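Chain A is the first sequence line, chain B the second, and so forth, proteins listed ahead of strands; every chain is numbered from 1. For clarity, every value in this text was computed on a predicted model and none was experimentally measured. Heavy atoms only: backbone and side chains are in, while hydrogens, waters and symmetry mates are out.
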Amino acid sequence: MHPYRTHTCGELREARVGETVRLSGWVHRVRDHGGLLFIDLRDHYGITQCVADPDSPAFADVEKVRAEWVVRIDGRVRSRPAETYNENLSTGAIEVFIDGLEVLSAAAELPMPVFGDAQYPEETRLRYRFLDLRREKLHQNIVKRSKIIASIRQRMVDQGFLEFQTPILTASSPEGARDFLVPSRLHPGQFYALPQAPQQFKQLTMVAGFDRYFQIAPCFRDEDARADRSPGEFYQLDIEMSFVTQDDVFSVVEPVLRGLFEEFGEGKHVTPEFPRIPYATAMRKYGTDKPDLRNPIEMEEVSEAFRGSGFKVFANILEKDADAEVWAIPAKGGGSRAFCDRMNSWAQGEGQPGLGYIFFRDGEGAGPVAKNIGPERTEQVRTQLGLADGDAVFFVAGKPKSFVNFAGAARRRVGEELGLIAKDLFEFCWIVDFPMFEWNEDEKKVDFSHNPFSMPQGGLEALQTMDPLEIKAFQYDIVCNGIELSSGAIRNHLPEIMRKAFEIAGYDQSVLEEKFGGMLRALQYGAPPHGGIAPGVDRIVMLLCGEENLREVVMYPMNQQAQDLMMGAPSEVSAKQLRELHIRLALPQTRQQAS
RNA sequence: GGGGGUGUAGCUCAGUCGGUUAGAGCGCUGGCCUGUCACGCCAGAGGCCGCGGGUUCGAGUCCCGUCACUCCCGCCA
C-alpha cells in the first residue's frame, strides 16, 4: 500500500463502499461526541468525513488530533445513513471508519483558522499566507488563476503565437515608472534594472523575424500600490505581431479575451463585439478613458440651454471663456430633492462648489436651477436628454479639461447610488485614437502622452504638418467594467518618424540615441511594421474571480508598503555582500538615529 | 510625499458622559456527550486597551506625538 494514500479526500463515492482505503490530509474540523468522533479530512481535492468510535483500535489516537494537523488515516469506506448525507460534499454519501491513524505533522495553535470564512486582518493573512492559501476561497482563486493562464497559453498557441522568455536583468529605461535596480558586482557603480515590461525586447523580437510573440511576462515597477495595482511586480499577457494593422491586433486579441471570459465568467454575459470608442468621445460621454459601460449614463453638452440664461453662475462662465461648456449628467430615477441634495453635498465633499441639478415632477422641472433658467430652457434640457417625471439631471460647468474628472466621478456616483449598474455583465470596449502628444502644464511643453514608440496616425506627414496636440496615435486600450485591462499600439518602426516625434516632444537627438540607441539601430536594419498589446493578467483574474483586490488572486503578494511579511523582504544584507557590490549605505537621518 | 479609516484576549468585535475588578462570540485547555457536519452542554486559562508623552483626583475613553495595517491623492510611458 502506498505510504500516504490510496485515494484523495475528494474521490470516494458509494461505489467504493466496503473497500479498505488510506487517506492523508489536514484535519479540517473535529466533532467529538465522546463515544463518537468525526474528523473532516481535507486535501486539495476535497473533504472526506472520517469517523471513529470506541470499537476502533485507533480511538485513543483520534481523540488527540487537532485542527490542521496532517494525518494519515487507514479505514473502511461505508455508506452513511441516508438521513446523514451531506449534499455540500462531493464525498457526502460515504464516510471512512477509522482503523488506524498516524500523525504526519502536528500543528501549533493557529493565528487564523482555516475552517470557515471569517475576515482576518491583512497583516495576519500575509504573514501566514500558507494558512490563508489553505482556505477555500483563496485556494480556489489560485487554482482558477492557473487554469486561466493555461487557457491563455492555449488560445495564443492556437493562433500561431510562440512564447519566448526575455531578460529579467536588463537596462534601466529612461521613461515611465521608477525602476527596480540591481547593482552589478563585476561593474562597480553600474546597475541592471528589472524590466517595467518587455517592451523593447518584444519589438526587437519582431525585428528578428519571429512574427508572432507572446509571453506571460513579469513586469516590475517601483511605484506605490493600489487595490488594483500590486506593488513591485505583476504579470502581463505580452503580445506583439508583425505586418499588422490596428484591426489585425484587435481581431486576434478580442476573441482571446472574449473566449477567456466566457470560459471562466461563470455565465456572466460578455460583450459579443467590443465597441470601439474614440478617446475624445469617451471623455465627453463618460468623463474617463476607462468607462464602466455597465453604467448606462451618457453625459451630453447642454451649453446652449444656459448661455445668456437667468442662471447667472453658468451664464457668466460661458460668457467669460469661449472654451467653457456645460455638461449634463442625466439621472433616471433620481428625481427627488433628497437624492439631489445628497449628490450636492457629495460634490462639496469632493472639493467642488456644488452640483447644480433639476429634478422633474408633475410635468415640470423643479429646483433652483430650473427656476433660474425658466420653463422653456428646462424643457429643452429635458427633451435633449429624454428625461421624464421621476428623473433628475446634474450639471457641471467650466473648461471641460478641468472638470472632466469630476464629471466622470459624478456619473459613476449617480450610477452607483441609483443602482443603475447592471450586475452579471462583462462590458468590454476598445478605447482608440489616443492623442500622440499632450500639453505638459508643469514644464510648459509638448510631451508624449503614451509611450514614444507608438506610430502617429498620418505618419511623418502628420508630424510635419499638423498641430502636435491634434495628432492621434495608433494607440489603444481595452477596458472592462471600468477597469483598464490593457494598453497597446501599432509601433513606430521608422527611425525618421521617431526622430521627428522626439523632436516635437523636445528631446535632443542625443537623448534619443543615448536612451533608445539599441532600438533605433535595430530599426535601421529592416524592421517590419508591427504592433501589439499587453493585457494585465492579474486584473483579468481579479475580474473573473469577482474580487476587488489583487491580493485575492496573487499567490504571495506584498503589502501596500511593498513588503513581503512572510519572507521578510526587503531585508538588510551583510556588510560582505555590500562590499562585493561596491555599495556604501547613505541612510536617511531618521533611520540612522533609530538604529 | 499628502489625506481618510482602523488599532482592546490567538482571531472577530463591544466597551455609554472620563469613574468600581475591561466584556461577548470563535479558538485554546479540562470534563461530559454514539450520527455530527458552524455538533451540543459545563468549567477554566488567556489583556503593555499599538507605543510614547500630556491633561485630570482618576484615561481603553480627552489632547499631542509616533508606529503599524488599510483605502485614496500624488505616482504608475
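- Between B:G58 and B:G19, the two C1' atoms lie 7 Å apart (nearest whole Å).
- Within 4.0 Å of A:Q49, counting heavy atoms only, lies at least one base atom of the nucleic acid.
- The residue A:P111 sits close only to the backbone: its heavy atoms come under 4.0 Å of sugar-phosphate atoms, none of a base.
- Using atom P as the reference point in both B:C63 and B:U55, the two lie 15 Å apart (nearest Å).
- In this structure, of B:C76, B:G74, B:U34, it is B:U34 that holds the atom nearest to the side chain of A:D53.
- Phosphate proximity of B:G27 to A:R29: present, with a side-chain N or O under 4.0 Å from OP1 or OP2.
- Minimum atom distance to the side chain of A:A197 is reached by B:A77, of the listed B:A77, B:C71, B:C76.
- Across all strands shown, A:E95 has heavy atoms under 4.0 Å from base atoms, whether or not it also approaches the sugar-phosphate.
- Residue A:Q560 places at least one side-chain N or O closer than 4.0 Å to OP1 or OP2 of B:C71.
- A straight line from CG of A:L194 to C1' of B:C76 spans 16 Å, rounded to a whole angstrom.
- When Watson-Crick and G-U wobble pairs are counted only if both distances are under 3.5 Å, B:U6 pairs with B:A68.
- Summary of the strand contacts: A:A227 and A:T124 both lie near RNA chain B, and taking for each the nucleotide with the nearest heavy atom, the more 5' one is attributed to A:T124.
- The side chain of A:D224 lies closest to B:G1, out of B:G1, B:U34, B:U70.
- At a threshold of 4.0 angstrom between heavy atoms, the contacts of A:R127 with the nucleic acid are absent.
- Enclosure of atom OH in A:Y85 by more than 12 non-hydrogen atoms of other residues, nucleotides or ligands within 6.0 angstrom is indicated.
- Two residues are said to be in side-chain contact when any heavy atoms from C-beta on lie closer than 4.5 Å; A:S487 and A:H450 meet this criterion.
- Separating the CD atom of A:E68 from the C1' atom of B:G27 is a distance of 13 Å, rounded to the nearest angstrom.
- For the pair A:F97/A:D53, a side-chain contact is recorded, criterion being any heavy-atom separation below 4.5 Å from C-beta on.
- The side chain of A:L36 lies closest to B:U34 when the candidates are B:C33, B:C72, B:U34.
- Using a 4.0 Å heavy-atom cutoff across all strands shown, A:D55 reaches no nucleic acid atom at all.
- Backbone-only contact: A:F115 has heavy atoms under 4.0 Å from sugar-phosphate atoms and none from a base.
- The CZ-P distance, from A:R178 to B:A77, rounds to 12 Å in whole Å.
- Rounded to whole Å, the distance from CE on A:M519 to P on B:A77 is 18 Å.
- Distance CG/A:L23 to CG/A:L12: 5.5 Å, rounded to 0.5 Å.
- Distance check on atom P: B:G27 versus B:A38 gives 13 Å, rounded to whole Å.
- Residues A:D477 and A:S486 form no side-chain contact, since every pair of their non-hydrogen atoms from C-beta on lies 4.5 Å or further apart.
- When the P atom is used for both B:A77 and B:G4, the distance is 28 Å, rounded to whole Å.
- Between A:Q475 and B:A77 there is no side-chain N or O to OP1 or OP2 distance below 4.0 Å.
- Here the P atom of nucleotide B:G31 and the CD atom of A:E63 are 9 Å apart, to the nearest Å.
- Taking the ring centre of A:Y507 as origin, the terminal cationic atom of A:K445 falls inside the region bounded by 6.0 Å and 45° from the ring axis.
- Candidate nucleotides B:A77, B:U34, B:U36 were compared by shortest atom distance to the side chain of A:H450, and B:A77 ranks first.
- The nearest heavy atom of RNA chain B to A:M112 and to A:S449 marks one nucleotide each, and the one closer to the 5' end goes with A:M112.
- With distances taken from any side-chain atom of A:Q199 to the nucleotides B:C69, B:A77, B:U36, the minimum falls on B:A77.
- Taking the C1' atom of each, B:U66 and B:U6 are spaced 16 Å apart, rounded to whole Å.
- For A:N86 against B:C37, a side-chain-to-base donor-acceptor contact under 3.5 Å is present.
- Within the shown strands, nothing qualifies as a pairing partner of B:C37 under the Watson-Crick or G-U definition with both distances less than 3.5 Å.
- For CD of A:E63, the number of neighbouring non-hydrogen atoms (other residues, nucleotides, ligands) closer than 6.0 Å is greater than 12.
- With hydrogens and angles ignored, a donor-acceptor pair under 3.5 angstrom links the side chain of A:R80 to the base of B:C37.
- A:F220 is not listed as a side-chain neighbour of A:Q196, based on a closest heavy-atom distance of 4.5 Å or more.
- In this structure, CG of A:D289 is placed 13 Å from P of B:A77, rounded to the nearest angstrom.
- Spacing between B:G53 and B:U16 at atom C1', rounded to whole Å, works out to 27 Å.
- Per the geometry, CD belonging to A:E87 stands 15 Å off P belonging to B:C37, to the nearest Å.
- When both pairing distances are held under 3.5 Å, B:G1 makes a Watson-Crick or G-U pair with B:C73.
- Within the 4.0 angstrom heavy-atom criterion, no nucleotide atom of any strand lies near A:S487.
- In this structure, A:R31 reaches the B:C39 phosphate: one of its side-chain N or O atoms is under 4.0 Å from OP1 or OP2.
- For the pair A:R78 CZ and B:U36 C1', the computed distance is 12 Å after rounding to whole Å.
- At least one side-chain nitrogen or oxygen of A:R66 sits closer than 4.0 Å to the OP1 or OP2 atom of B:U29.
- Across B:C33, B:C76, B:C72, the shortest atom-to-atom separation from the side chain of A:D32 is found for B:C33.
- Judged by atom type and distance alone, A:R229 reaches the base of B:C75 through a side-chain donor-acceptor pair under 3.5 Å.
- The partner of B:G44 is B:C28, judged by Watson-Crick or G-U wobble contacts that both fall below 3.5 Å.
- For A:N559, a side-chain nitrogen or oxygen approaches OP1 or OP2 of B:C69 to under 4.0 Å.
- Residue-level contact check: A:E123 touches the backbone only, with heavy atoms under 4.0 Å from sugar-phosphate atoms and none from bases.
- When the C1' atom is used for both B:U8 and B:G30, the distance is 27 Å, rounded to whole Å.
- In this structure, A:Q246 and A:V432 have side chains that are in contact, with non-hydrogen atoms separated by less than 4.5 Å.
- Here, B:G10 and B:U29 have their C1' atoms 13 Å apart, quoted to the whole Å.
- When distances run from any side-chain atom of A:R226 to the nucleotides B:U70, B:C73, B:G35, the shortest one goes to B:C73.
- Within the 4.5 Å cutoff, no side-chain heavy atoms of A:R491 are placed close to those of A:M455.
- Here A:H33 counts as stacked on B:C39: its ring centre is under 5.5 angstrom from the base ring centre and the planes meet at under 30°.
- Across every strand in view, B:A14 sits unpaired, with no contact that passes the Watson-Crick or G-U test at under 3.5 angstrom.
- Under the Watson-Crick or G-U wobble criterion, with both distances below 3.5 Å, B:A22 is left unpaired in every strand shown.
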